[in-house]
Protein chains: 2
Amino acid sequence: MRHDSRLSRMLHVLIHMDRHEGTATSETIAAMLNTNPVVVRRTMAGLREKGYVRSEKGHGGGWTLGRPLSEMTLLDIYEAVGEPAVFAVGPACEQPSCLVEQAVNAALAEAFEEAEKLLLSRFGKVTLADIARDFDARMARHPAFATAAGAGWHS
Amino acid sequence: MRHDSRLSRMLHVLIHMDRHEGTATSETIAAMLNTNPVVVRRTMAGLREKGYVRSEKGHGGGWTLGRPLSEMTLLDIYEAVGEPAVFAVGPACEQPSCLVEQAVNAALAEAFEEAEKLLLSRFGKVTLADIARDFDARMARHPAFATAAGAGWHS
DNA sequence: AAGTTTGTAACTTCTGTTGTTGCGAATAAG
DNA sequence: CTTATTCGCAACAACAGAAGTTACAAACTT
């Protein structure tokens with residue numbers, strides 16, 4: 001099953017925005033993500049509602065960060081993109097009348113809830129600043145990319 | 001994103017088969033799952049390869065359990081249906097050249113791997129006999145269903 | 001030989017993300 | 001105030017993967 005890449009994409013964008021001076025247009029961001037400006041606006045609308053980014057229309061407009069990366073966790077962004085379903089596997093029926101199926105669903109639900117709890121709890125502990133620091137470490141190990149990467153927008 | 005219900009369905013079928021005397025045809029099973037005999041054969045083919053069920057062609061043929069429920073775990077069945085992707089959320093690109101994206105992917109991968117490890121480890125500890133026991137407990141609490149449920153095939 | 005049942009390929013349907021087009025609204029520049 | 005830029009949003013098309021369907025061959029029972 002093809003997976004949802006919105007969380008991943010938004011993390012990517014936010015860190016770039018932090019390293020980039022001024023505003024970034026949907027077009028610029030779309031080029032970086034290899035996608036379409038409309039998809040960028042659609043996805044970032046959720047982040048704007050929560051105040052993680054701001055948008056300005058017209059000349060010189062575009063997107064800016066609404067708060068520092070140290071004040072955004074993976075969980076925040078996961079929630080801002082609409083809390084998409086975490087699991088690609090699930091029950092055949094939500095409210096089965098069959099008692100066997102009820103027992104199966106209960107066993108699966110228990111396992112999935114535990115895993116989801118762990119995942120989201122971990123998401124809550126990782127800030128975007130942590131990821132940006134890891135990016136810095138990676139750049140230090142790859143000096144060839146340093147100039148281009150440090151300059152701002154790139155894919 | 002719509003999820004994969006093969007694991008859930010196979011657990012459902014296997015427990016019914018355990019409580020059912022003799023063989024069950026794909027048609028009977030399909031009726032119970034509200035689906036199609038071909039879908040049943042397709043999905044159960046994986047279980048047959050691992051020996052969890054056997055199939056016989058012709059008159060009086062159909063499906064039978066290949067071993068007791070106490071010797072099948074959720075993990076076994078998960079693997080037998082093809083180890084479908086657990087998560088519906090994931091990276092936009094598997095091998096990104098962008099170092100920011102690499103750092104994002106690494107952070108997400110770490111969290112997802114941990115959650116998947118927990119999930120599968122739990123799957124490995126739950127046998128189908130455990131679920132069947134839970135079914136028995138549910139039936140004891142719902143005496144109205146006891147006759148129909150105990151008789152064998154039902155939805 | 002006839003009837004039942006699985007095995008499998010090929011195709012369609014369904015659902016949700018992603019991609020695209022088009023146009024309106026807001027803002028800045030000249 | 002006119003024009004260029006940029007977001008906002010609705011509507012629709014493309015795509016991917018699971019599920020459903022059709023058709024027919026193969027194997028087995030009686």
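All of these numbers come straight from a predicted model, not from anything done at the bench.
Neither OP1 nor OP2 of C:dT5 sits under 4.0 Å from any side-chain N or O of B:Ser26. In this model, the phosphate group of D:dC7 is approached by a side-chain N or O of A:Arg41 to a distance below 4.0 Å at OP1 or OP2. Taking only side-chain nitrogens and oxygens, B:Arg9 comes nearer than 4.0 Å to OP1 or OP2 of D:dG20. Between A:Ser5 and C:dT17, a side-chain N or O to OP1/OP2 separation shorter than 4.0 Å is absent.
Across every non-hydrogen atom of B:Ala88 and A:Ala85, the tightest pair is CB-O, 3.4 Å. Closest non-hydrogen pair, B:Pro84 versus A:Val89, comes out as CG-CG2, 4.1 Å.
Every residue meeting the side-chain hydrogen bond (donor to acceptor under 3.5 Å, both in side chains) condition with B:Arg6, not counting sequence neighbours, appears here in chain and number order: B:Asp4. Every residue two or more places apart in sequence or in another chain was checked for a side-chain hydrogen bond (donor to acceptor under 3.5 Å, both in side chains) with A:Asn105, and none qualifies. For A:Glu114, the side-chain hydrogen bond (donor to acceptor under 3.5 Å, both in side chains) partners are B:Arg122, not counting sequence neighbours. Residues satisfying the side-chain hydrogen bond (donor to acceptor under 3.5 Å, both in side chains) test with B:Arg42, not counting sequence neighbours, are none.
Regarding B:Asn36, its CG atom lies at a distance of 17 Å from the P atom of D:dA18, rounded to whole Å. If you take CE of B:Met44 and C1' of C:dT5, they are 14 Å apart, rounded to a whole angstrom. D:dT21 atom P lies 11 Å from atom CG of B:Asn34, rounded to whole Å. Summarising the geometry, the separation between NE2 on A:His59 and C1' on D:dT3 is reported as 8 Å, rounded to the nearest angstrom. For the pair A:Arg6 CZ and C:dG16 P, the computed distance is 12 Å after rounding to whole Å. One can place CH2 of A:Trp63 at 7 Å from P of D:dC7, the figure rounded to the nearest angstrom. Put simply, CD1 on A:Ile29 is 12 Å from P on D:dT6, counting in whole angstrom units. Atom CD in B:Glu83 sits about 17 Å away from atom P in D:dG17, given to the nearest Å.
In this structure, the nucleotide among D:dC7, D:dG20, D:dA18 sitting nearest to the side chain of B:Val39 is D:dG20.
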Distances under 3.5 Å between nitrogen or oxygen atoms of protein and nucleotides 9-12 of chain C:
residue, atom, partner, partner atom, Å
C:dA10, N6, B:Arg42, NH2, 3.3

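With salt bridges taken as basic N to acidic carboxylate O contacts below 4.0 Å, none links B:Arg67 and B:Asp76. In this structure, A:Asp136 does not pair ionically with A:Arg133, as no charged nitrogen and carboxylate oxygen lie closer than 4.0 Å.
Near-neighbour residues of DNA chain C inside residues 47-57 of chain B, defined by a heavy atom below 4.0 Å, number-ordered: B:Arg48, B:Ser55, B:Glu56, B:Lys57.
Aromatic ring orientation, A:Phe112 versus B:Phe123: perpendicular (interplanar angle above 60°, classes split at 30° and 60°).
DNA chain D is contacted by both A:Ala45 and A:Gly61; A:Gly61 maps to the nucleotide lying nearer its 5′ end (nearest heavy atom per residue).
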